[in-house]
Amino acid sequence: MRGPPPATTAYPGGVNQFSPDAPARAHDFSLSSADDGLAALSAWRGYPRVQQPVWPDEAERSAVFDDLRAAPPLVFAGEVDVLRERVAAAARGEAFLLVGGDCAETFAEATADRIRNKIRTILQMAAVLTYGASVPVVKMGRMAGQFAKPRSGDEETRDGVTLPTYRGDAVNDHAFTLEARTPDPQRLWRMYTTSASTLNLLRAFTGGGFADLREVHSWNRGFTSGSGYDRYEELAGQIDKAIRFMAAIGADFDALKVVEFYASHEALLLDYEEAMSRVDSRTGEIYGTSGHMLWIGERTRQLDGAHVDFMAKLRNPIGVKLGPTATVDDALRLIDTLDPEREPGRLTFITRMGAGNIRDRLPALVEGVRDAGAQVAWVTDPMHGNTITSSNGYKTRRFEDILDEVVGFFEVHQGLGTVPAGLHMELTGDDVTEVLGGTGEIDEEGLTRRYETLVDPRLNHQQSLELAFLVAEMLSRR
Ligand code: PEP
Ligand code: CO
């Protein structure tokens, strides 16, 4: 058994947390529900809680909770600890974080093909971003746990019929019937098993040769040879040269076949997150084991609320979404509560300001946090501040607004001399038509072709790659 990881700032390239090279720590999760170490976690039940379903049957909820508590963890403390170092590197500008995946995963779409397509898209984006940013890209899915959604209303009315809103497959079904929309705690168990099978594929794909850089690059060549995408050929050509150079100097491509890939989701359903928390009996620390990184959403980040209280007790890297109304004071108080030790890699602020707001609102937040000496990672979510309704009634976003928010994010950090640490995207690996624009020129009529999301519109495969190429071009010019 090896000791704790060395205090190194180096990011070991393609080394994988699932490989023997990862710093192995003696973590031994307690599975006992009577464990004293976990008792403190349930304090959230005494705080104001929002966005929680009302489960119709308390005995059934409690039985599922016990089953989850006794089940094996989905992720492991050693992986979570490595990720904390990766996020710290991103906050210093020595790595770049790329997070991508559905707004809401669904049980029906947790198929091998869909999961593979998403992973492939993220790997393809990461390859170009690595070249553009000249730093390692930390790859992360909004995957294997992103099954619960905050909603703006509790009820939805259609043709005079009012039913509870859809809150994600972890809670209820999207079909518009009373039975489907009634929260069912058995779905929490299904969330666990679906997350487990998704992670299983994720670990197999990213450890089994699928992530070979040469293969990923050849997929990207396929993208740039598509009609209209030839403007990206120059960058792809440069990457070609870089890969040939690596081959010439004898780079070990086999070692690069295995990549780190992390899972993250919004820790919305505190019943589930509490049941999935485990004590590391060696240190007494509590890890959320439903995903490597967990985030608090814009609607649940109340300082005196249940989510902040709960997440403060976990050892995982934590994200907090900050929308246009967030103040410096909010940010500083969140830091005091969630990161009192100012630990590098602990806290990420994911801003989602909207393209029209980011250049006005972000500078004061970043300056206020910097001046207070806190070391957070700043990540942009250019999706959630740019949602519109098309004239034919679709919830959509414009590719140009998404790109503009990303550009604004880089401009603000460049102006302040601070670090843009990453991108957080809603995307899919499939050819859906949910976001307007891009070289594929999806227009309002185009939205009708293949609009599949149950909640927010996602970039499709081509749009995701195009965004990555545009950001990489921007980064490589700096
Ligand atoms: C989301 O990430 O899907 C989401 C609901 O975001 P936010 O909390 O920023 O609105
Ligand atoms: Co969303």
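When a ligand or atom number is given, it counts from 1 through the structure's own listing order. Side chains included, hydrogens not; waters and symmetry mates left out as well; all remaining heavy atoms used. Nothing fancy with the numbering, it's 1 onward along the sequence.
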Give yes if a backbone or side-chain nitrogen or oxygen of Glu266 is under 3.5 Å from a nitrogen or oxygen of ligand 1, and no if not. no
Determine which of the N, O or S atoms in Asp456 is closest to the Co ion (ligand 2) and give its atom name. OD2
Under 4.0 angstrom from ligand 1, any heavy atom of Arg142? yes
If you have a sec, work out which protein heavy atom is nearest atom 1 (C) of ligand 1 and how many Å separate them, to one decimal? His384 NE2, 3.0 Å
Does Arg203 qualify as a cation-pi partner of Phe76, given the criterion of NZ or CZ under 6.0 Å from the six-membered ring centre and within 45 degrees of its axis? no
Heavy-atom side-chain contact between Tyr287 and Arg278 under 4.5 Å: no
As an exercise, identify every atom of ligand 1 less than 4.0 angstrom from a heavy atom of Cys103. 3 (O)
Return the orientation label for the Phe205 and Phe210 ring planes: parallel under 30°, perpendicular over 60°, tilted otherwise. tilted
Could you give the distance from OG1 (Thr289) to CZ (Arg315), rounded to the nearest 0.5 Å? 15.5 Å
Run the numbers for me: atoms of ligand 1, each under 4.0 Å from some heavy atom of Gly297, listed by number. 8 (O)
If you compare Gln51, Glu298, Arg151, Lys321 by their heavy atoms, the one closest to atom 2 (O) of ligand 1 turns out to be Lys321
Per-atom contacts of ligand 1 with Lys149, taking only distances under 4.0 Å to non-hydrogen atoms: 1 (C), 3 (O), 5 (C)
Between Cys103 atom SG and Glu426 atom OE2, the angle centred on the Co ion (ligand 2) rounds (to 10°) to 90°
Any salt bridge between Glu156 and Arg151, counting N to O under 4.0 Å? no
Under 4.0 Å to a heavy atom of Arg352 - the qualifying atoms of ligand 1, by number: 7 (P), 9 (O), 10 (O)
Short N-O contact, Arg458 and Asp430, less than 4.0 angstrom: no
Would you call the rings of Trp378 and His413 parallel, tilted or perpendicular, where under 30° means parallel and over 60° means perpendicular? tilted
Among the N, O or S atoms that His384 has, which is closest to the Co ion (ligand 2)? NE2
What is the ring orientation for Phe310 with Trp44, classed by angle as parallel under 30°, tilted 30 to 60°, or perpendicular over 60°? perpendicular
Checking contacts here: is it the side chain or the backbone of Met383 that comes within 4.0 Å of ligand 1, counting heavy atoms only? Could be both or neither. neither
Which ligand 1 atoms, with their elements, are less than 4.0 angstrom from a heavy-atom of Pro150? 5 (C)
Could you give the distance from CZ (Arg397) to CD (Glu426), rounded to the nearest 0.5 Å? 4.5 Å
Any atom of ligand 1 sitting under 4.0 Å from a heavy atom of His424? no
